[in-house]
Novice: 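Encoded as structure tokens, here's the structure I'll be asking about.
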Amino acid sequence: MEFDFATPVERRHPSGGDWPSQKWHRYGDDVLPLWVADMDFASPPAVIEALRARVEHGVFGYGLVPDSLRETLCAWSAEHYGWAIEPGWQLWLPGVVPALHMASLALTEPGDGVLTVTPIYPPFLRVAERTGRMPQQAAMSAPAAPGEPWRLDLAALEAAITPETRLLLWCHPHNPTGRVWTREELAGLVELVARHDLYVVSDELHCDLLLDEGARHVPLAVAFPELASRIVTLWAPSKTFNLAGLTTACAVIPDAGLRRRFAKGIKGLTPDGNVLGLVAAEAAHAQGEAWRQALLGVLRGHRQALVERVAGWPGVAMSPPESTYLAWLDLREARALEGLEGAPQRLLLERAGVALSDGADFGWPGFARLNFGTTATQLEAALARLDAVLGG
Ligand SMILES: Cc1ncc(COP(=O)(O)O)c(C=O)c1O
């Protein structure tokens, strides 16, 4: 089946309907938005059909998580990740960011340390403070040479651990660098986790979008089954199938004790399932595979187009992302921005009319994240604008 990833869908208000999107409205009509992590593609036709049927029912009272959805996620997990999860291990939640906060509340005590590595998707950096815990961070190793990958710095991670540290917020694969962690990196990580008696929340939201041919995601709890009792795995259809606005995610917790503790700790903090989000999640996992494969083809092409463009921007570095539709640009030595005051993100917004995400929010000023999950036409237009500013 052919899917349309080429025709731009109007998302600006008012021509996109009276449904403003964060992405297209924060910076105004003249700006091309390549910032927040949603894509400009309509979701799979099967998802839209399932939602239409649910909307036709017309009653939107409190729902239950359907058994069929739980079974569908079990099947998806077994097929894609070789992980035989059970229906009862799933706690369906209103989003991954809420789940990060809930994990902190449920699994740690006030004053405990909540650790993460930077750069990182910004909400990770705020979880500790917002939940009355102590924020702890370790920096990753930046690429040693252009094109080399970002790496986990185990020594830095260990140095950041104190007796108070209880929880590691882990992003796998990693936003913003797009890294798919190696088995060696993960082995070093879990050795620290075991030795320091930590819990891990493994945010695996981007795991369906590995870009390299033949690459296969291995959930942390699968790679290290001996640690499965310490791991909360977070999954959602929101990035893969572009469903973020339907606020539906799932915590997979194999260990019964940990699951009970998590469920008890979040009681009253979270609404019941979004009845449309649950329907969309089931349709996506049951019928979305062909669409996902087609999407991966599009994203691979966009990644290549971006690599070629960045090569023509003196002083700008990027390690090609191994996953998802986000690229992490090092603009600290961008020749075109030399001597100019202000964050590169701000300068590019003003001079190129392209909105990227500011690296400072990820813990690394001087960098910016670029979202290439858009149509080729829109991406090309935005890259041409960036070219005009950053190009040699
Ligand atoms: C790693 C990661 N976690 C969580 C989220 C947000 O998830 P949710 O919308 O379910 O809160 C994002 C969104 O970009 C993300 O990249």
Side-chain angles (χ1 to χ4, degrees), residues 21-23 26 33-41 43 73 90-105 114 116-128 130-131 140 150 152 167-181 200-211 217 219-220 232-252 266 269-271 273-274 276-278 280-281 284-285 299 321-328 355-359 361-364 367-374:
S21 68
Q22 294 186 20
K23 188 177 188 179
R26 174 175 287 188
L34 302 182
W35 63 287
V36 67
D38 76 25
M39 299 187 286
D40 292 317
F41 306 127
S43 291
L73 191 66
Q90 304 170 23
L91 296 179
W92 285 86
L93 300 166
V96 170
V97 169
L100 296 171
H101 291 77
M102 290 172 198
S104 176
L105 288 171
V114 176
T116 195
V117 297
T118 69
I120 193 67
Y121 172 59
F124 277 58
L125 295 174
R126 299 195 283 266
V127 168
R130 284 180 178 157
T131 55
M140 287 172 68
W150 285 74
L152 177 62
L167 176 64
L168 172 68
L169 300 180
W170 183 242
C171 192
H172 172 49
H174 184 248
N175 172 1
T177 65
R179 270 305 312 283
V180 172
W181 306 106
V200 187
V201 173
S202 187
D203 174 340
E204 304 189 2
L205 189 50
H206 294 272
C207 70
D208 302 319
L209 297 176
L210 268 48
L211 296 177
H217 172 73
L220 193 62
V232 172
T233 302
L234 299 179
W235 279 346
S238 49
K239 297 296 137 180
T240 315
F241 299 103
N242 211 28
L243 295 167
L246 290 177
T247 60
T248 298
C250 187
V252 180
I266 68 172
L269 293 176
T270 157
N274 173 332
L276 295 179
L278 296 171
H285 287 126
L299 295 181
E322 297 165 274
S323 65
T324 201
Y325 46 83
L326 305 169
W328 184 235
L356 307 179
S357 300
D358 187 352
D361 296 336
F362 296 70
W364 283 65
F367 289 74
R369 193 191 68 180
L370 183 153
N371 172 353
F372 56 89
T374 189

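In each ligand, atom 1 is the first atom listed, and ligand 1 is the first ligand listed. All heavy atoms count here, side chains included; hydrogens, waters and symmetry mates do not.
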Novice: Identify the closest protein heavy atom to atom 14 (O) of ligand 1: which residue and atom is it, and at what distance?
Specialist: Lys239 NZ, 2.8 Å

Novice: Do the non-hydrogen side-chain atoms of Leu152 and His174 ever get within less than 4.5 Å of each other?
Specialist: no

Novice: Should Val97 be counted as touching ligand 1, given the test is an N or O pair under 3.5 Å?
Specialist: yes

Novice: Which atoms of ligand 1 have any heavy atom of His206 under 4.0 Å away?
Specialist: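 Those of ligand 1 that fall under 4.0 Å from His206 are 1 (C), 15 (C), 16 (O).
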
Novice: Record the part of Leu205 in heavy-atom contact with ligand 1 below 4.0 Å; permitted values are side chain, backbone, both and neither.
Specialist: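 The answer is the side chain.
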
Novice: Classify the contact between Ala244 and ligand 1 as side chain, backbone, both or neither, using a heavy-atom distance cut-off of under 4.0 Å.
Specialist: neither

Novice: Could you measure the distance from the CZ atom of Arg369 to the OG1 atom of Thr177? Nearest 0.5 Å is fine.
Specialist: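 Those atoms lie 11.5 Å apart.
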
Novice: Regarding ligand 1, does Asn175 bring an N or O atom to under 3.5 Å of one of the ligand's N or O atoms?
Specialist: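 Yes; the residue has a nitrogen or oxygen that sits under 3.5 Å from a nitrogen or oxygen of the ligand.
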
Novice: For atom 6 (C) of ligand 1, grab the closest protein heavy atom and report residue, atom and distance to one decimal in Å.
Specialist: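 It is Tyr121 OH, 3.3 Å.
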
Novice: Taking the six-membered ring for Trp and the full ring for Phe, Tyr or His, determine whether the centres of Trp150 and Phe367 are under 6.0 Å apart.
Specialist: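 So the answer is yes for these two rings.
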
Novice: Any nitrogen or oxygen of Val96, side chain or backbone, less than 3.5 Å from one on ligand 1?
Specialist: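 N/O-N/O distance below 3.5 Å exists for this pair.
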
Novice: What atoms of ligand 1 come closer than 4.0 angstrom to any heavy atom of Ala37?
Specialist: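 The list of qualifying atoms is 14 (O).
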
Novice: If you take the centroid of each ring, where Trp contributes its six-membered ring, are His217 and His206 closer together than 6.0 Å?
Specialist: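 No; His217 has its ring centre 6.0 Å or more from that of His206.
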
Novice: Assess the side chains of Thr118 and Trp364: does a donor N or O sit below 3.5 Å from an acceptor N or O?
Specialist: yes

Novice: Say whether Pro94 and ligand 1 are in contact under the criterion: heavy-atom distance to a ligand atom below 4.0 Å.
Specialist: no

Novice: Can you find a protein heavy atom under 4.0 Å from atom 9 (O) of ligand 1?
Specialist: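 It does not: no protein heavy atom is found less than 4.0 Å away from atom 9 (O) of ligand 1.
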
Novice: For a 4.5 angstrom cut-off between non-hydrogen side-chain atoms, does Glu204 reach Val252?
Specialist: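 The answer is no, as the side chains (C-beta and beyond) never meet within the 4.5 Å cut-off.
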
Novice: Taking side chain as C-beta onward, heavy atoms only, is Asn175 less than 4.5 Å from Lys239?
Specialist: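 A side-chain contact is absent here, since even the closest heavy-atom pair is not under 4.5 Å.
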
Novice: Taking C-beta and beyond as the side chain, do Pro33 and Arg26 meet within less than 4.5 Å on heavy atoms?
Specialist: no

Novice: In terms of residue, atom name and distance, what is the protein heavy atom nearest to atom 2 (C) of ligand 1?
Specialist: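 The answer is Asp203 OD2, 3.3 Å.
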
Novice: Could you list the atoms of ligand 1 found under 4.0 angstrom from a heavy atom of Cys171?
Specialist: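 The atoms of ligand 1 under 4.0 Å from a heavy atom of Cys171 are 1 (C).
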
Novice: Identify, by atom number and element, the atoms of ligand 1 in contact range of Pro98, meaning under 4.0 Å from any of its heavy atoms.
Specialist: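 Close to Pro98: 11 (O).
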
Novice: Nearest 0.5 Å, what's the CG-CG distance between Leu125 and Asp361?
Specialist: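 Between atom CG of Leu125 and atom CG of Asp361 there are 9.0 Å.
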
